[in-house]
> 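Below: one structure in C-alpha cells.
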Amino acid sequence: MHVIALENEPSTRRGGQEISLRDVCRGLTQRGHTVTLLYRSPGNLLDEYRSFCQQVMPLRQYRVEMKQPLTSSWQLIDDLRRVPAPPNSLVYSNQYHDSFSGMVLARLKGLPFVCHLRLPPPPALGWQWNLGMRSTRRLIAVSQQTKGEWIKRGFAANRIDVVYNGVSPERFTPATNRQEARSQLSLPADIPLISYVSRLDRDKGLETLIRAFDQAMQQGLTAHLAIAGKPHNQRPEYLDTLKSLVHSLSLANHITFLGHVSQPQQVYQASDLMVLPSEWPEPFARSLLEAMACGIPVLGSRMGGIPELLSGPFSRHLFEAGSVEELASKLQQFIHWREQEPDLGQRCRDHIAQNFNLTKTVDGVEAALLKAL
C-alpha cells in the first residue's frame, strides 16, 4: 500500500494530532508500506518525515481562496497533478480541514480517500469541506464520542472506524531521577508538582485549574503548579490573561509558566500529577496518554473522549468540567498517591501499554486504510 498523506504543518508546536500522524506514518513504513507526505507549511518534523517517506512535497494551496479563486485553483491542481500515485495508492488526510485538497487529488488520480476525524465537526462545514468530507470512502475517528458527533451531522456510522490514539511506552517512561528532571526545568525540587501540558486556550479550562489550585492551597495543599504550552498564534494575549489571574490570586511564587516544551516527557517525569481540565469536547487527549505512560496519574474533566481513556478503575480520576470545587478536592485526594497508593503509577503505565499502545493505533489505521483500498 502507498499512502499519500496530507498535513497542514508537520510540527510538534501545533498539537498532538501532528505528532500522531508522524507516529502512524512511520509505523506504516516499518510494516512495508510506503508514504508520500504533502504539506502546506514547513515545520520541525520535516526532517523526520524525510528519513522514512518515499517523497516529501510542499503544496502552494490546500483549498480555493475566495480572494484569488482562479489563481489558487490553478496552483492546487497544478501541484496535485505532479503527485506520484503508484499502484495500490490512497489519499489519507490528517484532518477535515484538508479534505478539499484530498478530494481533488483522489479524483485526479482515481484513488480512494480516507480522512482522520481528530476533531468534532464545526458548526458549519462550508462548501469546500462539505464536498471533501462527502467524497471520503472511509473515516477514522479518535473516539466513540467523536464518531457520534459526526454521525449526528449525517455521516454513516458504518463508514467510520474508531481508532484510539496511542503512544509508545518505550519512549514515554518513568523518571529515573525526578529531582534532575525538575532542575532542568528550573522547578522546585522539594514539594509535590502538579502539571498541565497542552495548548493555552480558554476552552482548555486553565482558569478553572488555577482557581482550583488556589482553593486547594487555601485548604492546606502544599504543591507547585507547572503550566507547559503556548497560546494559539491568533490569541497570544491569553497568556497575559492567565498571568494576571495568577497575580490577582497571589500565586506567582507557586505557579511556573514553562512555555512550549519540545520534549513533554521532561515535564511528566518531573511531576507527581498531571491535569487536563478541558471545557470543550476533547476528542482524545494525547497528553493524558503520555503522562500515564510515564507512570504519572492524571485528572481529566468529564468531557468528550476523556472518559473513554479514564474508564473502569480510572473513572475516579474524572471531575465535572468547570467545577473549581471538585477539581480542588481531586488535587488533594491524589497529590500524595506515592505514599497512599504506591502502585498507582505502574497501574497507569500498564493501562496505556495494554489499551492505548502505539502498535494498536497503527494496527487500526492500517486496517481502515486497507479496507478503503
> Please confirm whether the backbone N or O of R138 pairs with a side-chain atom of R159, one donor and one acceptor, at under 3.5 Å?
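Looks like no, no N/O pair under 3.5 Å.
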> Using 30° and 60° as the class boundaries, would you call the ring planes of W127 and F100 parallel, tilted or perpendicular?
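If you compare the ring of W127 with that of F100, the planes turn out perpendicular.
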> Return the orientation label for the H97 and W129 ring planes: parallel under 30°, perpendicular over 60°, tilted otherwise.
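Geometry flag for W129 against H97: perpendicular rings.
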> Mind checking the CG-CG spacing from D98 to L38? Nearest 0.5 Å is all I need.
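One finds 10.0 Å between CG of D98 and CG of L38.
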> Please indicate whether R107 has more than 12 foreign heavy atoms, meaning atoms of other residues, nucleotides or ligands, lying under 6.0 Å from its CZ.
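Counting neighbours around CZ of R107, 12 or fewer heavy atoms of other residues, nucleotides or ligands fall under 6.0 Å, so no.
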> Does the E282 side chain pair with the main chain of M303, one donor and one acceptor, at a distance under 3.5 Å?
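The answer is no, because no donor-acceptor pair under 3.5 Å joins these two groups.
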> Distance check, rounded to the nearest 0.5 Å: L59 atom CG versus R82 atom CZ?
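Reported value, rounded in 0.5 Å steps: 11.5 Å.
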> side-chain contact (heavy atoms from CB on, under 4.5 Å) with F213: which of I255, V275, V324?
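Of I255, V275, V324, side-chain contact (heavy atoms from CB on, under 4.5 Å) with F213 is met by I255 alone.
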> For F356 and F284, I'd like to know if the aromatic rings sit close, meaning centre-to-centre distance below 6.0 Å.
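Yes, the ring centres sit under 6.0 Å apart.
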> Can you confirm if the NZ or CZ of R134 lies within 45° of the ring axis of F155 and under 6.0 Å from the centre of its six-membered ring?
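R134 over F155 ring: yes.
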> I'd like to know whether Y62 forms a side chain to side chain donor-acceptor pair (under 3.5 Å) with E7, so could you lay out the CA-CA distance, the side-chain angles of the two residues, the decisive distance to 0.1 Å, and finally the verdict.
CA-CA 10 Å; Y62 255 16; E7 174 67 289; over 6 Å; no
> Quick check: are there more than 12 heavy atoms from other residues, nucleotides or ligands sitting under 6.0 Å from CZ of R63?
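No, the 6.0 Å shell around CZ holds no more than 12 heavy atoms from other groups.
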> Output yes when a side-chain donor or acceptor of W150 lies under 3.5 Å from a complementary backbone atom of L119, and no otherwise.
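Confirmed, W150 side chain pairs with L119 backbone.
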> Does Y49 reach the main-chain N or O of T36 with its side chain, forming a donor-acceptor pair under 3.5 Å?
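Checked: no pair found.
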> How far apart are the C-alpha atoms of H116 and S93, what are their side-chain angles, what is the distance that settles it, and do they pass the side chain to side chain donor-acceptor pair (under 3.5 Å) test?
CA-CA 6 Å; H116 216 124; S93 173; over 6 Å; no
> Can you check salt bridge (charged side-chain N to carboxylate O under 4.0 Å, His left out) on R347 and E341, steps first, answer last?
CA-CA 10 Å; R347 285 192 278 122; E341 293 185 73; 2.9 Å; yes
> Any idea which heavy atoms bring M292 and I352 closest together, and the distance?
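Taking every non-hydrogen atom into account, CB-CG1, 3.5 Å.
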> Mind running salt bridge (charged side-chain N to carboxylate O under 4.0 Å, His left out) on R211 and D214 for me, showing each step along the way?
CA-CA 5 Å; R211 293 186 186 280; D214 175 56; over 6 Å; no
> Mind checking salt bridge (charged side-chain N to carboxylate O under 4.0 Å, His left out) for R22 and listing every partner two or more places apart, or none if nothing turns up?
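Here the qualifying residues are E48.
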> Kindly say whether Q54 contributes a backbone atom to a donor-acceptor pair with the side chain of T34 at under 3.5 angstrom?
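No, T34 side chain to Q54 backbone: no donor-acceptor pair under 3.5 Å.
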> Hey, any chance M133 and V104 share a hydrophobic cluster, counting ILVMFWY side chains that come within less than 4.5 Å of each other, even indirectly?
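Hydrophobic grouping puts M133 apart from V104.
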> Can a donor-acceptor pair be found, under 3.5 Å and without considering hydrogens, that links the side chain of N355 to the backbone of H351?
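Side chain of N355 to backbone of H351, a donor-acceptor pair under 3.5 Å: yes, one is there.
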> State whether the side chain of S72 and the backbone N or O of V64 hold a donor-acceptor pair below 3.5 Å, judged by distance alone.
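Pair absent, no side-chain N/O of S72 close to backbone of V64.
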> Could you tell me whether Q68 atom CD has more than 12 heavy atoms of other residues or ligands within 6.0 Å of it?
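For Q68, atom CD is not crowded (no more than 12 foreign heavy atoms under 6.0 Å).
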> With a 3.5 Å distance limit and no angle check, can you tell me whether K109 reaches the backbone of R81 through a side-chain donor-acceptor pair?
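Present.
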> Between S143 and T146, does the side chain to side chain donor-acceptor pair (under 3.5 Å) criterion hold? Intermediate values first, please.
CA-CA 5 Å; S143 63; T146 303; 2.8 Å; yes
